[in-house]
Amino acid sequence: MSRDSWRIAVLPGDGIGPEVMRETVQSLERLAEHGALDLHLETFDWPSVAWHREHGELWPENWRERLAGFDAILLGALGDPGPRDDPDRYWLPDAVSLSPLLEIRKGFDQWTCERPAVLLEGAPQFLADERARDIDMLVIRENSEGEYVGQGGRLAPGAPAEVATQVEVFTRRGAERIIRHAFERARLRAGERRAGERRDRTFPLPGGGEAHAQVCLITKRNALRYWGELYSETFEAVAAEYPDIATHHELVDAACMKFVTSPWAFDVVVASNLQGDILTDLAAVLSGGMGVAPSCNINPSDRSQPPMFEPTHGSAPDIAGRNLAGPQAMLLTAAMMLDWMGEEDPRAAAAGQRLRAAVAADLAEHGTRVRPTDEIGASVRARLD
Ligand code: IPM
Ligand code: MN
């Protein structure tokens with residue numbers, strides 16, 4: 001059944017999170033006011049370091065039940081180490097303060113992380129080669145298993161013979177669903193290219209002819225053989241069902257090199273949890289930097305599980321609270337949320353396009369030079385009217 005009314009849990013978090021979220025919420029409210037969609041936003045002051053300071057934990061024990069009834073979660077950023085020179089600062093290890101990110105991803109089985117990389121006009125171009133303007137990549141990060149399963153431990157802590165284990169787990173089911181999703185996205189992009197909605201690109205098919213999209217599998221199968229082979233075999237089997245999509249494989253180290261020397265050659269890229277994490281920081285820089293890089297965590301096989309939309313960037317404590325943070329990544333992330341809603345609700349799809357166009361227009365006019373957060377927000381909102 002299609003939804004046409006949406007309940008969103010807003011989690012501003014720490015650092016610049018609340019500032020960029022404030023502008024984003026106001027933009028979403030503006031879109032709703034104009035009748036572009038039926039939206040109900042509820043803001044929570046957890047998870048956050050501030051909540052930990054007060055309650056001794058980052059969020060209430062029943063966080064999962066509290067969030068489960070929402071259609072989607074919009075999250076700003078997590079982590080607040082406090083002033084570096086303050087010996088009494090309230091400090092939590094990153095692995096603690098950021099843990100809700102991983103728990104939400106796991107808790108709602110958000111097994112896909114999508115991070116598109118497109119260089120919008122006005123965004124900084126870090127590569128000198130003019131072809132770098134043509135980057136149009138979607139990195140799909142496996143988000144449920146792999147290097148992030150959190151299994152392992154430390155044996156004999158502190159002893160000279162101490163042993164740390166960090167287990168990686170890869171499953172056929174996990175490989176199958178993420179790879180299939182990558183091909184589905186590629187097919188969608190091929191359609192958008194044929195319809196003129198996306199800059200056309202062609203990729204050679206092995207049997208001759210041209211595809212309008214490609215999927216590149218990333219592994220490190222020359223050293224990490226077992227999961228590399230499992231993923232490669234699965235990739236080959238799934239690819240056979242998509243003869244209209246070109247395929248490719250890169251080892252992760254070579255992929256890092258080629259992301260820099262020829263990023264325009266990539267289309268859809270599918271990678272493991274950790275390798276995808278690393279590659280998406282690089283892809284973010286290729287598309288203008290962390291300040292404009294959106295991201296989402298979704299469960300494509302079960303839309304009743306709330307997805308989480310959070311920008312790739314962190315909480316930037318060094319500039320937090322000073323009205324200096326660029327809200328563009330958060331706004332573009334909200335546009336991704338509207339796209340996701342748009343798969344059921346045409347008004348949300350239109351609102352997503354409007355929001356993205358407004359951010360793009362502001363960027364084209366002003367670039368990413370430092371302007372007050374609220375000024376950028378107001379300028380984007382003015383373009384929504
Ligand atoms: C990201 C972040 C997180 C990750 C950290 C903060 C746990 O780097 O969303 O890319 O590694 O997934
Ligand atoms: Mn990361």
Side-chain angles (χ1 to χ4, degrees), residues 11-18 20-21 24 46-49 52 58-59 63 72-81 91-117 137-152 166-170 174 178 218 220 252 255-256 259 269-299 306-318 320 325 328-330 332-334 336-337 340:
L11 278 41
D14 302 309
I16 60 168
V20 296
M21 187 63 89
T24 303
W46 48 259
S48 66
V49 173
H52 195 288
L58 289 159
W59 49 1
W63 64 268
I73 300 163
L74 196 58
L75 186 141
L78 296 184
D80 180 6
W91 183 84
L92 298 170
D94 282 350
V96 173
S97 61
L98 300 170
S99 60
L101 284 183
L102 304 183
E103 294 207 38
I104 292 174
R105 290 176 192 168
K106 264 198 203 104
F108 296 116
D109 195 17
Q110 296 162 348
W111 52 267
T112 297
C113 172
E114 293 189 352
R115 295 182 167 172
M137 212 196 290
L138 173 66
V139 184
I140 296 185
R141 168 183 178 187
E142 203 296 318
N143 223 22
S144 69
E145 58 174 38
E147 307 88 341
Y148 273 58
V149 291
Q151 290 181 12
Q166 189 86 47
V167 179
E168 301 186 358
V169 177
F170 294 85
I178 197 70
I218 307 290
K220 183 63 188 167
V252 66
C256 285
F259 267 32
V269 174
V270 58
S272 74
N273 213 329
L274 176 64
Q275 296 182 358
D277 175 47
I278 297 167
L279 284 171
T280 49
D281 267 34
L282 183 48
V285 168
L286 299 176
S287 53
M290 283 295 177
V292 291
S295 169
C296 69
N297 305 275
I298 58 177
N299 181 332
M308 172 169 61
F309 297 84
E310 41 139 0
T312 307
H313 67 62
S315 59
D318 50 328
Q328 292 94 341
M330 185 78 241
L332 292 169
T333 297
M336 279 185 95
M337 178 179 81
W340 176 85

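Just so you know, these numbers use all the heavy atoms, side chains as well, and skip hydrogens, waters and symmetry mates. Ligands are counted one by one from 1 in listed order, and the atoms in each one are counted from 1 as well. Computed from a prediction, not measured in an experiment: that's the story for all the values here.
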Worksheet item: What residues, two or more places apart in sequence or in another chain, satisfy side chain to side chain contact (heavy atoms under 4.5 Å, CB included) together with Gln166?
Response: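 So Gln166 forms no side chain to side chain contact (heavy atoms under 4.5 Å, CB included) with any residue.
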Practice prompt. For the pair Gln151 (side chain) and Val167 (backbone), establish whether a donor and an acceptor sit closer than 3.5 Å, ignoring hydrogens and angles.
Written response: no
Worksheet item: Protein N/O/S atoms under 2.8 Å of the Mn ion (ligand 2)?
Response: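 Metal shell, protein only: Asp277 OD1.
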Worksheet item: Out of curiosity, Ile73 CD1 to Arg105 CZ, how far, rounded to the nearest 0.5 Å?
Response: 12.0 Å
Discussion item. With heavy-atom distances below 4.5 Å as the criterion, would you say the side chains of Arg141 and Ile278 are in contact?
Written reply: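 When only atoms from C-beta onward are counted, Ile278 and Arg141 do not touch, as no gap falls below 4.5 Å.
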Discussion item. Is there a side chain to side chain contact (heavy atoms under 4.5 Å, CB included) between Phe170 and Ser272? Walk through the geometry before answering.
Written reply: CA-CA 9 Å; Phe170 294 85; Ser272 74; 4.0 Å; yes
Discussion item. To the closest 0.5 Å, what do you measure between CD1 (Ile218) and CD (Gln275)?
Written reply: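 Going from the CD1 atom of Ile218 to the CD atom of Gln275 covers 8.0 Å.
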Fill in: Salt bridge flag under 4.0 Å for residues Glu145 and Lys106
no
Item to complete: Any chance you could measure Phe259, atom CZ, to Thr280, atom OG1, to the nearest 0.5 Å?
Response: 9.0 Å
Fill in: Partners meeting side chain to side chain contact (heavy atoms under 4.5 Å, CB included) with Ser99 (sequence neighbours left out)
Leu58, Glu103
Worksheet entry | Close-range residues for ligand 1, whose non-hydrogen atoms fall below the 4.0 Å threshold | Leu98, Leu101, Arg105, Arg115, Arg141, Tyr148, Asp277
